[in-house]
2 protein chains.
Amino acid sequence: MISANRNIRRLLRYRNSLCKMQELGFETVYSYNLGRETGVSPEQVRKDFSQFGIKGNKKGGYNINELLITIREIFRKDELQKVIVVGVGNIGNAILQYKGFQKNMIEIVASFDIDPTKYKKKKLPVPVYSLDKLPKFVVEHKINTAIMTVPERVAQDVADLLIEAGIKGIMNFAPTVLKVPPHIHIVNICIGHELESLIYHSLQMGNNGRGKGS
Amino acid sequence: MISANRNIRRLLRYRNSLCKMQELGFETVYSYNLGRETGVSPEQVRKDFSQFGIKGNKKGGYNINELLITIREIFRKDELQKVIVVGVGNIGNAILQYKGFQKNMIEIVASFDIDPTKYKKKKLPVPVYSLDKLPKFVVEHKINTAIMTVPERVAQDVADLLIEAGIKGIMNFAPTVLKVPPHIHIVNICIGHELESLIYHSLQMGNNGRGKGS
DNA sequence: AAATTAATGTTACACTTTTCACAATAAAGA
DNA sequence: TCTTTATTGTGAAAAGTGTAACATTAATTT
């Protein structure tokens, strides 16, 4: 079977680099080019492609255009993927403002919050609704995926609500491990932990402060 | 040696759960409790602890207070870690507003942007400086870690600037693989890719839309 | 005090992912 | 056309990570 996780992530990185290369006018790419650009070994690049049935030319490398088409097919970029945001706080806001999703056939179609003062919020590209309206909206608009940017303390409850409404994938920004049925997909993004982990590794590495002082 | 990456991340999750348990008045915890809360197997919990030299009691489990102290020691929570944010756009803003770092001995002490209109920005808890001021600031305040929330197209240049200034760890929100010397630590957070990956897996899983229609 | 029990701590196994080595092959050159 | 060459494609080895089994031990019970 295909579907690992790592491959998928790398595929997205490849796509990024490939787009840039295409813009620069390149037509073909070698595994070691793409590897260098994406921080992946050439063997890994070839293996990933091979795994997804992508063929190159024995001496001419891979055709960038074909690669991009195939990658888009893998990610089903023929249909627009509709996503909602739940929790219009700092991060929720930032995500709503972000313009980069559209080009990858993803559209944030609505947002939800408990706080009524948010409902009138202008300057947002999508409406903010009450949480009550969520279940109906999800069903009617056939939403599968939600970005959840709510306070930690309500994260589990909101997740339950989302799943009950029929959501299949949740991107969770709260530093909580959500308890969900096995068929639900969760991606946890915990900026705080990432930062602490980074600091930890930087400290490990050696001279904390500059120079050898202190 | 200790220092894997996965362990560290799990340790942070443990800490989260342990704090909650402590607030609820618990004094000890068993590996399977903590495992259940954090989505980790009990064996893994024990192994992680063992790896960091944390000892439990043969029948009474682990002492929550000791655990927390040890974990804090591992992460060097005796000293405040100062961090800067570079790029005060949507996400940069959100991160600057976020209040949760303080409790883990992390403080965002300043932010930087090229856009002069940002410098006067009130409602931010830290000042926004010109990028010119960055090198001196980093040296004077002994900053090791930066959160980089700049547009993709300038990400590499800003990273170079940061490293030149003496930054050892960068949290990068642009979907680019930064080319950096080996002693520099990078954490990439690419919300777009995470979202696409999530959608991919959700689609794989089965009935895209609700019911069996279409 | 001895036996039982319920947990930890650790060693061995299994699985996953990456790297390595090299076979296969199409293009380029002689 | 034959040889060389530069690249892909892949099977095997290695490294990394998680799981399972079990040995160990301190508290509890008898």
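All values below come from the heavy atoms of this structure, side chains included, with hydrogens, waters and symmetry mates left out. Worth saying up front: this structure is predicted, and the values here are computed from it rather than measured. Lettering of chains follows the sequences in order, A, B, ..., and the numbering in each one begins at 1.
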Q) Rounded to the Å, how far apart are A:Arg6 CZ and D:dT17 P? A) 8 Å
Q) Within the structure shown, what part of the strands sits under 4.0 Å from A:Tyr62 by heavy-atom distance: base, sugar-phosphate, or nothing? A) sugar-phosphate
Q | A:Asn188 CG to A:Ile186 CD1 distance, which is reported to the nearest 0.5 Å | A | 6.5 Å
(Q) Measure NZ/A:Lys55 against C1'/D:dT7 and give the value in whole Å, please. (A) 14 Å
Q. How long is the line joining CG of A:Asn63 and P of D:dT7, in whole Å?
A. 16 Å
(Q) As a test of understanding, state which of A:Val85, A:Asp157, A:Val88, A:Val86 forms a side chain to side chain contact (heavy atoms under 4.5 Å, CB included) with A:Val150. (A) A:Val86
Q) Within this structure, what is the OH-to-C1' distance between B:Tyr32 and D:dA20, rounded to whole angstrom? A) 19 Å
Q.
Output the rounded distance in Å from CZ (B:Arg46) to P (D:dG18).
A. 16 Å
Q: Describe, in one word, how the ring planes of B:His141 and B:Phe137 are oriented to each other, choosing from parallel (under 30°), tilted (30 to 60°) and perpendicular (over 60°).
A: parallel
Q.
Which heavy atom of B:Thr28 sits nearest to which heavy atom of B:Gly60, and what is that distance?
A. CB-O, 3.7 Å
Q) In terms of side-chain heavy atoms of A:Lys47, which of D:dA12, D:dA20, D:dC22 is nearest? A) D:dA12
Q | B:Phe52 ring center within less than 6.0 Å of B:Phe49 ring center | A | no
Q: Examine the side chains of B:Asn16 and B:Glu37 and answer whether a donor and an acceptor come within less than 3.5 Å of each other.
A: no
(Q) I'd like the 5' and 3' limits of the part of DNA chain C contacted by chain B, with heavy-atom contacts below 4.0 Å. (A) C:dT5 to C:dA12
Q. Are B:Glu194 and A:Arg9 ion-paired here, with the side-chain N under 4.0 Å from a carboxylate O?
A. yes
Grab the N/O contacts between the protein and nucleotides 27-30 of chain D below 3.5 Å, and write none if there aren't any.
none

**Q.** Between C1' of D:dT10 and CD of A:Gln51, the distance in whole Å
**A.** 11 Å
(Q) Checking B:Asn65 against B:Gln22 for the side-chain contact (heavy atoms from CB on, under 4.5 Å) test, could you report, in this order, the C-alpha distance in whole Å, the side-chain angles of both residues, the deciding distance, and whether it holds? (A) CA-CA 8 Å; B:Asn65 208 31; B:Gln22 198 177 45; 2.9 Å; yes
Q) Out of A:Arg13, A:Lys103, A:Arg15, A:Arg72, which residue meets the salt bridge (Lys or Arg N to Asp or Glu O under 4.0 Å) rule with B:Glu196? A) A:Arg15
Q: Nearest whole angstrom, please: distance from the P of D:dT8 to the CG of A:Leu67.
A: 11 Å
Q: Check the distance between D:dT10's C1' and A:Gln44's CD and give it to me in whole angstrom.
A: 13 Å
